[in-house]
Chemist: 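Can you keep this structure in mind? I'll have questions shortly.
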Amino acid sequence: MALHTFKYPYTFPLELGGELSGFQLAYTTHGTLNAEGSNVLWICHALTGSSDPTDWWDGLVGNGLHYDPKDWFIICANVLGSHYGSTNALSINSKTGKPYYRTFPDITIRDTIYAFELLREELGINRIHTLVGGSLGGQQAVEWAIINPDLIENLVLVATNAVHSPWGIAFNESQRLAIKADPTWSEERPDAGMEGMKVARSIALLSYRNYDTYDFTQARDSNEQTDNFRAATYQKYQGDKLANRFNAFSYWSLSRMMDLHNVGRNRPSIIHALAQVKAHTLVVGISSDILFQPSEQKFLTKHIPDAEYQEIDSLYGHDGFLIEYKQLKQILTSWYGKRVAV
């Protein structure tokens with residue numbers, strides 16, 4: 001793996017009217033670009049993911065795995081607003097000489113894709129063999145396939161949607177309310193809102209999993225148990241775990257990015273936007289996903305020309321896209337076998 005930083009030194013206008021006075025994107029590459037430039041695999045990460053897919057998709061990307069660097073030139077860029085090396089709320093605002101903190105502007109999926117386009121051009125990439133993303137990453141991928149339909153040959157959308165649902169927005173707003181309720185959130189310091197973010201993460205877990213997941217993985221130890229329930233300690237553990245690697249400012253920014261996702265904005269309609277996609281498209285849903293429900297992936301499949309739908313049968317809800325490697329690999333292998341060859 002090679003970790004890189006792309007720096008754009010010019011004013012970057014944002015979709016909702018703000019601007020960044022320059023930005024940087026952290027990105028990783030695995031493998032080698034072939035002479036024809038035909039083996040580019042671009043992976044878009046989810047909400048708290050980094051630019052290294054071998055870290056968070058380690059059952060799918062890496063040596064000897066489905067997406068093997070010996071076959072692919074794999075690129076993943078950290079989105080604007082994220083904690084892992086790209087310009088975010090803790091970056092220095094050149095106009096003030098201080099970190100942005102809560103003055104960091106809203107960044108949309110569309111802003112991120114235009115930033116990715118600048119990176120792509122800098123790298124001299126004129127063709128993406130496969131663009132893949134799940135959840136927030138899938139939102140990026142579908143937007144990119146609309147913005148530049150001739151660039152992408154094959155598109156893989158996993159547990160994602162064309163527009164973020166009121167249900168999803170409600171979950172995200174509840175998480176931001178938890179951050180806002182933290183008394184430190186009003187302070188200008190890197191760890192502001194951290195306790196609130198822990199609560200936010202515990203709320204998020206309820207949408208990433210479901211009733212059956214908790215019933216199976218966090219069951220009581222015995223009928224006599226009255227304290228230290230697995231479900232309770234698990235919620236606390238997940239909040240603490242995220243606090244060790246993330247910050248509340250990025251969590252706020254990226255949950256807002258997800259809420260703002262709507263491929264129909266400033267276009268004739270959502271359906272018209274999806275009809276612009278030219279890539280061979282595979283859409284994958286998860287049977288037990290209560291956050292990005294399969295109906296959303298079926299909508300994508302219906303309105304993206306010639307798209308194919310497959311469904312993962314999983315106990316793990318939305319998190320199935322990060323867990324069910326075996327099923328996802330089988331789906332991908334079958335689809336590539338029918339449609340493409342690298």
Chemist: Are Tyr84 and Ile74 connected, step by step, through hydrophobic side chains (Ile, Leu, Val, Met, Phe, Trp, Tyr) whose heavy atoms are closer than 4.5 Å?
Modeler: no
Chemist: With hydrophobic residues grouped by side-chain heavy-atom distances under 4.5 Å, do Phe6 and Trp144 end up in a single group?
Modeler: yes
Chemist: State plainly whether one hydrophobic cluster holds both Phe321 and Met258, where clusters connect Ile, Leu, Val, Met, Phe, Trp and Tyr through side-chain heavy atoms under 4.5 angstrom apart.
Modeler: no
Chemist: Salt bridge (Lys or Arg N to Asp or Glu O under 4.0 Å) for Glu173 and Lys180? Distances and angles first, verdict last.
Modeler: CA-CA 10 Å; Glu173 181 64 18; Lys180 195 174 181 180; over 6 Å; no
Chemist: Show your reasoning for whether side chain to side chain contact (heavy atoms under 4.5 Å, CB included) applies to Ile304 and Leu157.
Modeler: CA-CA 11 Å; Ile304 293 175; Leu157 305 173; 3.9 Å; yes
Chemist: Scan residues 234-263 for pairs that pass salt bridge (Lys or Arg N to Asp or Glu O under 4.0 Å), counting only residues two or more places apart or in two chains.
Modeler: Asp106-Arg256, Arg176-Asp259, Lys198-Asp240, Lys236-Asp240
Chemist: Would you say the ring centers of Trp72 and Trp42 fall short of 6.0 Å from each other?
Modeler: no
Chemist: Got Pro149 and Val277 here, is their nearest side-chain heavy-atom distance under 4.5 Å?
Modeler: no
Chemist: Does any donor atom in the side chain of Asn161 or Gln139 lie under 3.5 Å from an acceptor atom in the other side chain?
Modeler: yes
Chemist: Are any non-hydrogen side-chain atoms of Ile290 and Tyr208 less than 4.5 angstrom apart?
Modeler: no
Chemist: Scan side-chain atoms only and decide if His129 and Asn39 contain a donor-acceptor pair under the 3.5 Å cut-off.
Modeler: no
Chemist: With a 3.5 Å cut-off and no angle check, do the side chains of Gln330 and Tyr325 form a donor-acceptor pair?
Modeler: no
Chemist: Tyr100 and Leu20: side chain to side chain contact (heavy atoms under 4.5 Å, CB included), yes or no, with the steps?
Modeler: CA-CA 11 Å; Tyr100 286 96; Leu20 294 174; 3.8 Å; yes
Chemist: Other than Phe216, what residues sit in its cluster of Ile, Leu, Val, Met, Phe, Trp and Tyr side chains whose heavy atoms are under 4.5 Å apart, directly or through others?
Modeler: Leu315, Tyr316, Ile323
Chemist: Where is the tightest heavy-atom contact between Leu90 and Pro190, given as atom of each residue plus distance?
Modeler: CD2-CA, 4.0 Å
Chemist: Do Ser94 and Ser21 pass the side-chain hydrogen bond (donor to acceptor under 3.5 Å, both in side chains) test, and can you show the C-alpha distance, the side-chain angles, and the key distance before you say yes or no?
Modeler: CA-CA 7 Å; Ser94 63; Ser21 53; 2.6 Å; yes
Chemist: We want to know whether Ser135 and Thr160 form a side-chain donor-acceptor pair, criterion being a heavy-atom distance below 3.5 angstrom.
Modeler: no
Chemist: Kindly give the cluster partners of Leu16, where membership spreads through any ILVMFWY side chain lying under 4.5 Å from a current member.
Modeler: Leu260
Chemist: For the residue pair Gln218 and Thr233, establish whether any side-chain heavy-atom pair is separated by less than 4.5 Å.
Modeler: no
Chemist: Answer yes or no: is there a side-chain heavy-atom contact under 4.5 Å between Asp306 and His280?
Modeler: no
Chemist: Between Asp182 and Thr184, do the side chains contain a donor N or O and an acceptor N or O under 3.5 Å apart?
Modeler: yes
Chemist: Applying a strict under-4.5 Å side-chain criterion to I, L, V, M, F, W and Y, I'd like to know whether Ile109 and Val263 cluster together.
Modeler: yes
Chemist: State plainly whether the residues Arg265 and Glu15 are in salt-bridge range, i.e. N to O under 4.0 Å.
Modeler: yes
Chemist: Mind checking whether Tyr234 and Tyr237 have parallel, tilted or perpendicular rings, split at 30° and 60°?
Modeler: tilted
Chemist: Anything under 30° is parallel, anything over 60° is perpendicular, the rest tilted; go ahead and classify His164 against Phe292.
Modeler: tilted
Chemist: Is the shortest side-chain heavy-atom distance between Met197 and Met194 below 4.5 Å?
Modeler: yes
Chemist: Considering only heavy atoms from C-beta outward, does the side chain of His30 approach that of Val61 to under 4.5 Å?
Modeler: no
Chemist: I want to check something: taking the side chain as every heavy atom from C-beta on, are Leu274 and Phe299 in contact at a cut-off of under 4.5 Å?
Modeler: yes
Chemist: Please determine whether residues Met257 and Tyr251 belong to a single hydrophobic cluster, defined as Ile, Leu, Val, Met, Phe, Trp and Tyr linked transitively by side-chain heavy-atom distances below 4.5 Å.
Modeler: yes
Chemist: Would you say the side-chain atoms of Ser86 pair up with the backbone N or O of Ala26, donor to acceptor, closer than 3.5 Å?
Modeler: yes
Chemist: Is it true that Tyr10 and Tyr8 have ring centroids separated by less than 6.0 Å?
Modeler: yes
Chemist: Assess whether a salt bridge exists between Glu324 and Lys329, defined as any Lys/Arg side-chain N lying under 4.0 Å from an Asp/Glu carboxylate O.
Modeler: no
Chemist: Before accepting this row, confirm whether a basic side-chain N of the pair Arg201/Glu195 lies closer than 4.0 Å to the acidic partner's carboxylate O.
Modeler: no
Chemist: Can you check side chain to side chain contact (heavy atoms under 4.5 Å, CB included) on Ser82 and Leu254, steps first, answer last?
Modeler: CA-CA 7 Å; Ser82 181; Leu254 299 190; 4.0 Å; yes
Chemist: Check for me whether the distance between the ring centres of Tyr101 and Phe249 falls short of 6.0 Å.
Modeler: yes
Chemist: Specify the closest pair of heavy atoms between Ser50 and Cys76, including all atoms of both residues, with the distance to one decimal.
Modeler: O-SG, 3.9 Å
Chemist: If you define the side chain from C-beta out and look only at heavy atoms, does anything of Leu25 sit under 4.5 Å from Thr5?
Modeler: no
Chemist: Checking Leu14 against Thr108 for the side chain to side chain contact (heavy atoms under 4.5 Å, CB included) test, could you report, in this order, the C-alpha distance in whole Å, the side-chain angles of both residues, the deciding distance, and whether it holds?
Modeler: CA-CA 8 Å; Leu14 301 172; Thr108 67; over 6 Å; no
Chemist: Going by atom types only, do Asp52 and His45 share a side-chain donor-acceptor pair under 3.5 Å?
Modeler: no
Chemist: Answer yes if the side chains of Tyr309 and Gln297 hold a donor-acceptor pair under 3.5 Å, and no otherwise.
Modeler: no
Chemist: With under 30° as parallel and over 60° as perpendicular, where do the rings of His4 and Tyr27 fit, or are they tilted in between?
Modeler: parallel
